Amino acid sequence: MNGFDLRTGSVSKNRRGWLSSEPILVLGLVLLTLYFARDLFIPFAMALTLNFLLAPAVIQLERLRVPRVPSVVLVVLLATSFLLVVGWVVARQLIDVASDLPSYQQNIDDKLSAIHAPTTGPLGNALRGVKFLAQDLSGTPAPQPLPTPGSSKSLTRRERELDRQKEQANPNPAPVIVVQPPVSNRAYAQQLLRPILKPLGMLGMVVVFTIYMLIKREDLRNRLLLLAGMGRLNVMTQALNDAARRVSKYLLMNVLVNASYGLIFGVGLFLLHVPNATLWGVILGLLRMVPYAGMAIGGALPIGFALAVFPGWWPPFFVLLLFVVLEIAVSNFIEPWLYGTHTGISALALVTTAMVWTLLWGIPGLILSTPLTVCLIVMGRYVPQMSFLHILLGDEAQLTPEAHFYERLLALDQTEARRIADQFLENHKLVALYDDVVLPALALAEQDRHKGFLDESRTAFLFQSATELIAELSSYRSPESDESPEGSLEAHKICPVVCISSSDQADEIAATMLAQLLEHRGHKTIVLHSSTLTPEVLDRLAEEPSTTICISALPPFAFVHARELTSRIRERLPDNRILIGLWGTSEDSDILHERFSMVRPDAVVVSLAQAVQSAPPCETIPEAFWATRS
C-alpha cells in the first residue's frame, strides 16, 4: 500500500515492497524459477547435498593436519571411485539379467497356469498384455491365432468369388520398401551422443560445485551472512549451523543404514541362490533413499525376479520373508534409534514435498526432496518471514495445552477438554493447571468476547465448563505438592482471605481458583463479586484487619477495573492487606506495583502461584484475635 510523504509531498511506496505483500505471487515466481532453471538448480542442489555428506570427512582430515585442498581432492576421489566401482558392477549384472530374461519365460507361464489365471475378462486381458510385453522384450514372436473352423462360411459366395479373382490378378504382389534418407556423420554423432552428453555435463557441474563448496566453506558462509545483514548475524549463524548439523547427520545416517540394508539383503539373496544378488542389493539400497515409493519398488523387483527364475514357490516366498523382516526391523527399530526425528519433517509433509520436488525436477527432485525440505524447515524456524514453512512442514504441529483446551471448549466438547486437563495433571501440580491452561484459556475467551468473535452461547458454555472443572477439582491434591492435607490445621491457624472479582464472570472464575488453592493451604476463604461490596460489607471487613483482600482481574481492561476497585476498598479498609492479581499479564510485578502506587496495594502478582506464595502464612494470625472472636 502506498502512503503520502509529508516531507516531499509525494506518494511513497511501502518500504516492505510488493513482494512481501503478495506471498502467493512470490511462491509462484519461486516455483517457475525452480522449474525453468532446473538445469542449473539440480546440479547445485546435488552438490549442496554432497557437500553436507562429505564435509564431515574433510573436516576430520583437516584435524589430522592434512591441508584443505588435498583433503577435498582425496575425499572426492574416494567417493567417485566407490560410485564408479558400484556402477560398473551394477551395469554388468544388469546386462546379464537382460540377456537371461528370455530363458525365464517358461517359469512365468507355469506359475500363471498354476494359479489358474483367467483367460477372459479384464484380468485375463491384463495378463495377456503382460505376456505379450514379455515376448516383445525377449524378442520371441507372438503366436498367430489359428483360423477357427467354419470362419470361411461367414463369407458369401459373391465375396469368395471376388477374393479368388483378386488372387488370380495379382499372384505375387510387390513388397513395399521404405528407404530412409541418408544421415550425415555429424547428425549421427549428435543423435548418438545427445543422451550421454547431458548427464555427463550435469555430473561435471555437480563435481565442480561440490569441490568449490568444500574448499570455500567459510567464503560461502560469509556471503550468506552478508546477504542477511549484520543485524541478523546471530539468527543466520544459528540457522546455518542447525541446517548443517541436521542435514549432515541425516544424510550420513541414511547412507549408512541403506548401505547396510542393501548389503544384508544382497547377502541373503546370495544364500538363497538368487542370481545377480549384488544388483538387487544395490538397487534396494539406492531406492530406499527415495521416500516411501523407493522401498516398495526396490522390494518388488527382486521378488518378481525370483518368481521368474525359480520354478517353485518357496524361493520367492523366502525372498519376500527376508524383505519383510529387514524392513520391519530397520523402519521400526534401527532408523528411529539412529536418527529418529532429527530431520524434523512430518510424515505428511515428507510425502507432499516429495511429490512437489518430483513435479519440478523429476527423479533428481524425488531423491533430493528430504534434504531440501530440511533446509526449508530450518529457514522457517529462524527467519520470521518464513515461519509458515516450519509450521506446515515441521513435525512440531501440536497445539499447546491451553490452546487445545480452549479449542475443545469452543467446539463444545467438554469431555475432551476434561481429558486434556487430566493429562496435564499427570505431570504437573494443580496450581500449574490453573496458571498454564485454564487462566490462558479464559484470557483468550475474554479477548474474543470483547472483539465480538465469541457468541453468548459459546461464552456461557465455556465459563460453565470451567466452573464445573474447578468444582470437580476441589478435593484434588497434587501428589508432590506442598499443600497442607485437609483437616490437619487447628482452628486458630485458619487465615481469612476474601477473593473479590473485579468485573465479569472470568474474573470470578479466577477468584474461585485462587480461593480453592488457598483453602488447600489452610486458609479460610470466601468469594465475592465487586457488586456485592456494600458499605455494610466493607464495614464488617474493616472490623477484621487481619483479613487479606485478594482482587482478581483478568485482561483485557484488567488494570482499570482493578485500580478503581482497589481505590474503593482502600478508602474503607486502610489496615487490611490488599493483594491484586492481574492474571497472565506479561509485565513484571515490580513495574505493576509502581503503576498501582496511587491506591497503595500490598502486592501485585500475575499468577496464582505468586498469589498463594504472597498470602500471609497462617502462623502470623495471633491467637488472641481468634479468642476475641469466639
Side-chain angles (χ1 to χ4, degrees), residues 429-432 434-435 438-439 442-443 470 482-484 489 493-504 506-533 537-538 540-555 557-622 625:
K429 297 181 180 180
L430 182 61
V431 64
Y434 289 162
D435 272 333
V438 181
L439 276 180
L442 293 176
I470 296 169
D482 56 353
E483 299 165 356
S484 300
L489 296 173
K493 290 186 178 181
I494 296 178
C495 312
V497 178
V498 178
C499 300
I500 303 175
S501 58
S502 63
S503 59
D504 51 23
D507 299 332
E508 186 176 356
I509 294 175
T512 304
M513 289 188 288
L514 176 59
Q516 184 184 101
L517 294 173
L518 291 174
E519 287 179 355
H520 291 175
R521 295 289 296 266
H523 297 271
K524 182 179 180 181
T525 63
I526 186 173
V527 179
L528 299 177
H529 193 271
S530 58
S531 60
T532 62
L533 293 179
V537 173
L538 292 176
R540 175 61 178 166
L541 294 175
E543 297 176 359
E544 301 178 359
S546 60
T547 300
T548 300
I549 308 298
C550 294
I551 298 175
S552 172
L554 193 68
F557 313 120
F559 177 79
V560 176
H561 293 295
R563 184 176 60 181
E564 293 177 355
L565 182 59
T566 305
S567 176
R568 183 157 63 99
I569 294 176
R570 178 58 74 189
E571 291 179 359
R572 304 296 297 267
L573 306 177
D575 299 328
N576 290 77
R577 177 180 174 85
I578 298 180
L579 178 69
I580 300 177
L582 291 180
W583 314 121
T585 306
S586 58
E587 295 186 37
D588 186 76
S589 298
D590 296 335
I591 299 177
L592 290 175
H593 195 277
E594 293 179 1
R595 295 179 62 186
F596 282 98
S597 58
M598 297 296 295
V599 295
R600 297 178 292 115
D602 293 280
V604 181
V605 296
V606 297
S607 67
L608 294 174
Q610 292 181 359
V612 172
Q613 295 297 327
S614 299
C618 299
E619 289 77 9
T620 59
I621 306 300
F625 174 77

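As a basis for the values below, the full set of heavy atoms in this structure was taken, side chains included, without hydrogen atoms, waters or symmetry mates. Remember, it's a predicted structure, so these values are computed and weren't measured experimentally. Position 1 is the first residue of the sequence; numbering continues from there.
No donor-acceptor contact under 3.5 angstrom links the side chains of H523 and T525, judged on distance only. Judged by distance alone, the side chains of S552 and W583 do bring a donor and an acceptor atom under 3.5 Å apart. D507 and S502 are linked by a side-chain donor-acceptor pair at a separation below 3.5 angstrom, with hydrogens and angles left out of the test.
The backbone N or O of L582 sits less than 3.5 Å from a side-chain atom of T585, completing a donor-acceptor pair. A distance-only check finds a donor-acceptor pair linking the side chain of N576 to the backbone of T547 [under 3.5 Å]. Of the possible polar contacts, none joining the T532 side chain to the L528 backbone as a donor-acceptor pair under 3.5 Å is found. In this structure, the side chain of H529 engages the main chain of S503 through a donor-acceptor pair within 3.5 Å.
Atoms SG and CZ, from C550 and R577 in turn, are 8.5 Å apart once rounded to the nearest 0.5 Å. Taken to the nearest 0.5 Å, the CD1 atom of I549 stands 8.0 Å off from the CD1 atom of I551. Here the straight-line distance linking atom OG1 of T548 with atom CG of L573 works out to 11.5 Å at 0.5 Å rounding.
Partner of Q516 under the side-chain contact (heavy atoms from CB on, under 4.5 Å) criterion, chosen from L608, L430, V527, V431: L430.
For V599 against S567, the heavy-atom pair with the smallest separation is CG1-CB, 3.6 Å. Closest heavy-atom contact between S530 and L565: CB-CD1, 4.0 Å. When all heavy atoms are compared, the tightest approach of L554 to A443 is CD2-N, 3.8 Å.
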Could you walk me through whether T566 and I580 satisfy the side-chain contact (heavy atoms from CB on, under 4.5 Å) test, starting with their C-alpha distance in whole Å, then the side-chain angles of each, then the deciding distance to 0.1 Å, before giving a yes or no? CA-CA 8 Å; T566 305; I580 300 177; 3.3 Å; yes

Walk me through whether V606 and Q610 qualify under side-chain contact (heavy atoms from CB on, under 4.5 Å). CA-CA 7 Å; V606 297; Q610 292 181 359; 3.6 Å; yes

Please determine whether side-chain contact (heavy atoms from CB on, under 4.5 Å) holds for the pair L514 and Y434, giving the CA-CA distance in whole Å, both sets of side-chain angles, and the decisive distance to 0.1 Å. CA-CA 9 Å; L514 176 59; Y434 289 162; over 6 Å; no

Run the side-chain contact (heavy atoms from CB on, under 4.5 Å) test on L533 and R568 for me, step by step, so that the C-alpha distance in whole Å, both residues' side-chain angles and the decisive distance to 0.1 Å come before the verdict. CA-CA 10 Å; L533 293 179; R568 183 157 63 99; 4.1 Å; yes

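R570 has a carboxylate O that lies under 4.0 Å from a charged side-chain N of D602, or vice versa, which qualifies the two as a salt bridge.
Considering only heavy atoms from C-beta on, V498 comes within 4.5 Å of I500 through its side chain. Considering only heavy atoms from C-beta on, L442 comes within 4.5 Å of M513 through its side chain.
Cation-pi geometry between R563 and F596 is not satisfied (NZ or CZ under 6.0 Å from the ring centre, within 45° of the ring normal).
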